[in-house]
Protein chains: 2
Amino acid sequence: MTDEPVVTVTIKDVARLAGVSPASVSRALADPGQVRPGTRERVHRAAAALGYHPNQAAHALTTGRTRMIGLVVPDITNPIFSTIFQAVQGRAREGGYSVLLVDTGEDPATEVDLVRTLARQVDGFLLCSPRAAQEYLDPFLRATAVVTINHRGRRVPCVTSDNADGARQVAEHLLALGHRRLAYVAGPAASSDNRERLRGLRAAVAAAGAELTDFTAVSPTYDGGTAAADLVLATSATAVIAFNDVIALGLLNRFTARGIGVPQQISLVGFDDIPFAAMTNPPLTSVAIAKQQIGRTAVDFLLDLLDGRQRPGGSRLMLPTHLIVRGSTGPSVLTR
Amino acid sequence: MTDEPVVTVTIKDVARLAGVSPASVSRALADPGQVRPGTRERVHRAAAALGYHPNQAAHALTTGRTRMIGLVVPDITNPIFSTIFQAVQGRAREGGYSVLLVDTGEDPATEVDLVRTLARQVDGFLLCSPRAAQEYLDPFLRATAVVTINHRGRRVPCVTSDNADGARQVAEHLLALGHRRLAYVAGPAASSDNRERLRGLRAAVAAAGAELTDFTAVSPTYDGGTAAADLVLATSATAVIAFNDVIALGLLNRFTARGIGVPQQISLVGFDDIPFAAMTNPPLTSVAIAKQQIGRTAVDFLLDLLDGRQRPGGSRLMLPTHLIVRGSTGPSVLTR
DNA sequence: TTGTACGCGTTATCAG
DNA sequence: CTGATAACGCGTACAA
């Protein structure tokens with residue numbers, strides 16, 4: 001094993017070996033059309049021979065672009081966000097970008113703080129379900145390119161799911177099964193997803209003359225769901241919709257512990273369709289959102305923004321959702 | 001709303017406002033003890049007034065350090081790794097570092113490729129359960145600081161769980177319940193965790209004169225577990241140990257679908273103790289590993305390495321594991 | 001088409 | 001303790 005000296009090979013080394021100037025190396029690599037084929041060839045050969053990789057710091061210093069995008073999520077432990085991360089990383093890499101992941105721990109203050117301190121290190125942000133109030137983020141949005149995910153932002157390009165429609169599907173599904181008293185365990189008030197889901201539910205329930213009670217989970221987590229379960233059971237609701245699958249799984253755990261069967265005695269529907277939703281017994285009925293597509297699309301938006309191919313105020317893309325009914329759907333008339 | 005011009009405030013601006021040279025600003029901020037209290041005070045005031053944040057690219061260019069660490073994981077969707085990420089991010093931030101997350105998709109080639117291209121952008125790597133063969137990584141280990149997590153590396157500091165002991169606890173637990181024929185659904189062959197768990201199981205089972213069959217899941221994922229379930233059921237095993245909880249959950253799903261009760265007809269134990277393990281009915285018995293502590297410790301190791309407070313070949317820390325028995329543990333004599 | 005020279009923002013060296 | 005100055009590696013006007 002040769003203890004090869006780990007040297008830092010710079011653009012000058014490549015230039016010397018290729019017998020050209022550093023400027024030509026830079027051009028041959030960045031804009032091949034600008035240099036004569038012969039020269040280009042020698043440069044590439046030399047670069048390969050030396051294993052040359054441009055120094056990103058120097059590149060960033062001169063161009064002002066870091067070729068990194070920041071992905072900000074409330075909780076990477078939630079499968080919805082880790083799945084989005086994978087899609088984002090894949091697409092970003094295709095465009096030559098790396099991903100700086102930021103977990104805010106569901107805390108608005110942390111979110112603002114981290115976005116602030118990292119703003120200079122990335123070319124742009126992908127903000128997933130931001131919890132901070134828009135006014136705190138506004139200053140950064142002017143300085144940095146931003147695309148929001150699952151959040152209706154003012155004057156910010158965003159890619160969202162059609163939450164209201166998903167909620168409508170859920171409500172109509174439950175109503176068709178004969179349920180008249182529904183309960184909704186809500187997520188963070190700052191979440192626009194949450195507002196839209198609640199809006200969709202209310203509309204559908206009102207149209208049917210049925211009843212909807214809503215609770216708020218202390219946090220959109222498994223434990224948050226467990227904690228909310230008893231409140232829900234204290235009502236006369238026969239069907240429960242959760243803000244997301246993670247909450248739903250928490251609810252399910254507590255229901256089971258109290259001997260309440262799903263879907264025999266109560267129906268339970270979540271949102272997001274995370275992989276683990278299929279795992280319970282019975283499996284969880286859920287609203288599927290296009291996670292991979294969301295991630296890829298958001299990256300495309302951001303890169304377009306960075307390359308000036310799109311105006312900042314621009315587009316908003318809403319991707320469809322659809323109900324996934326798993327296992328048996330329960331009796332059409334419920335009693336307790 | 002004032003459309004404040006988004007200016008780039010540099011060290012020179014601070015210097016001008018404070019009435020000192022750029023060099024003094026740099027010193028006042030980086031090494032306060034090296035400058036007179038009065039000057040220091042004015043500099044800090046000026047920096048705060050202007051909202052000065054050092055340009056990381058320029059800093060990196062001169063010092064050769066990016067203040068970023070790369071966290072490489074096989075699959076961020078696995079709760080074990082997302083939890084470790086959170087711990088790593090927390091500790092890294094305390095030390096002024098950001099985290100570049102890299103998901104290799106369980107693919108050794110991708111792992112090597114990503115580590116190679118990112119090596120210059122980070123000060124060091126945290127390699128979680130690397131799947132690539134050591135020899136491919138060796139060159140980078142010389143050029144870049146590396147700490148492995150859950151992987152026994154040669155000449156690389158590493159923090160691991162006591163897998164063999166956890167496996168022993170599992171085996172003895174199952175043997176005490178009366179099981180004589182155990183099955184192990186293994187993880188990736190390249191995983192040292194997997195090898196150690198298998199070793200621990202074999203030792204305990206052999207000592208008791210019992211029997212152990214091992215299978216290999218096509219991938220250490222939920223789907224991998226589902227796919228392996230039928231093979232396991234084709235044997236006469238009465239208890240199944242999975243390489244990790246995610247596989248175990250996949251197994252459980254398929255068992256349930258086939259009407260096999262856990263723990264009535266078969267016992268199931270996983271590894272890692274992810275949050276969702278408590279969620280199933282009955283909840284999954286699992287081996288808990290110290291996720292947060294692993295993350296924090298690994299960062300500490302890496303930062304020590306970077307600051308020369310520790311020699312590269314150095315320490316190996318093995319953190320204890322313990323069995324978490326949830327719900328009923330099943331009959332002590334099993335029949336099918 | 002190619003080379004020279006300068007600047008990006010910061011830190012390190014070396015006088016003072 | 002402080003200021004001027006040189007470097008870090010690269011991109012890019014400008015000149016040739």
How many whole angstroms separate atom [atom1] of [X] from atom [atom2] of [N]?
| X | N | atom1 | atom2 | result |
| --- | --- | --- | --- | --- |
| B/Leu29 | C/dT10 | CG | P | 10 Å |
| A/Asp13 | D/dC8 | CG | P | 11 Å |
| A/Asn55 | C/dG9 | CG | P | 17 Å |
| A/Ile11 | C/dA5 | CD1 | C1' | 15 Å |
| B/Lys12 | C/dT11 | NZ | P | 13 Å |
| A/Arg65 | D/dC10 | CZ | P | 18 Å |
| A/Gln34 | D/dA13 | CD | C1' | 12 Å |
| B/Asp31 | D/dT2 | CG | P | 12 Å |

Between the side-chain atoms of A/Arg120 and the base atoms of C/dG9, is any donor-acceptor pair under 3.5 Å?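 No such pair is found, so the answer is no.
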
State whether the distance check finds a donor on one side and an acceptor on the other, under 3.5 Å, for side chain B/Arg27 versus base D/dG3.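 Per atom types, the contact qualifies.
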
When we call it a touch if two heavy atoms are under 4.0 Å apart, what does A/Pro22 touch: a base, just sugar-phosphate, or nothing?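 Nothing, no heavy atom under 4.0 Å.
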
Along DNA chain D (nearest heavy atom to each residue), the more 5'-positioned of B/Ser21 and A/Thr10: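 It is B/Ser21, whose closest nucleotide lies nearer the 5' terminus.
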
B/Thr39 or B/Ala58: which one's nearest nucleotide on DNA chain D is closer to the 5' end?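 The residue whose closest nucleotide sits nearer the 5' end is B/Thr39.
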
Is there a side-chain contact between A/Lys12 and A/Pro22 in this structure, where contact means two heavy atoms from C-beta onward sitting under 4.5 Å apart?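 Yes, their side chains come closer than 4.5 Å.
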
Please tell me which of the listed nucleotides, [options], lies nearest to the side chain of [X]?
| X | options | result |
| --- | --- | --- |
| A/Thr62 | D/dG9, C/dT1, C/dT11 | D/dG9 |
| B/Thr63 | D/dG11, D/dT2, C/dT11 | C/dT11 |
| A/Ala23 | D/dA4, C/dT2, C/dG3 | C/dG3 |
| B/Leu61 | D/dC8, D/dC1, D/dG3 | D/dC8 |

Would you please confirm or rule out a distance under 4.0 Å between OP1 or OP2 of D/dG11 and any side-chain N or O of A/His59?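 Yes, such a contact exists.
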
Treating [X] as the side-chain partner and [Y] as the backbone partner, does any N or O pair qualify as donor plus acceptor under 3.5 Å?
| X | Y | answer |
| --- | --- | --- |
| A/Thr66 | A/Gln121 | yes |
| A/Asp13 | A/Thr10 | yes |
| B/Arg91 | B/Val299 | no |

Check: B/Tyr136/B/Arg116 side-chain N/O donor and acceptor closer than 3.5 Å: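 Per modelled atom types, B/Tyr136 and B/Arg116 side chains form no pair under 3.5 Å.
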
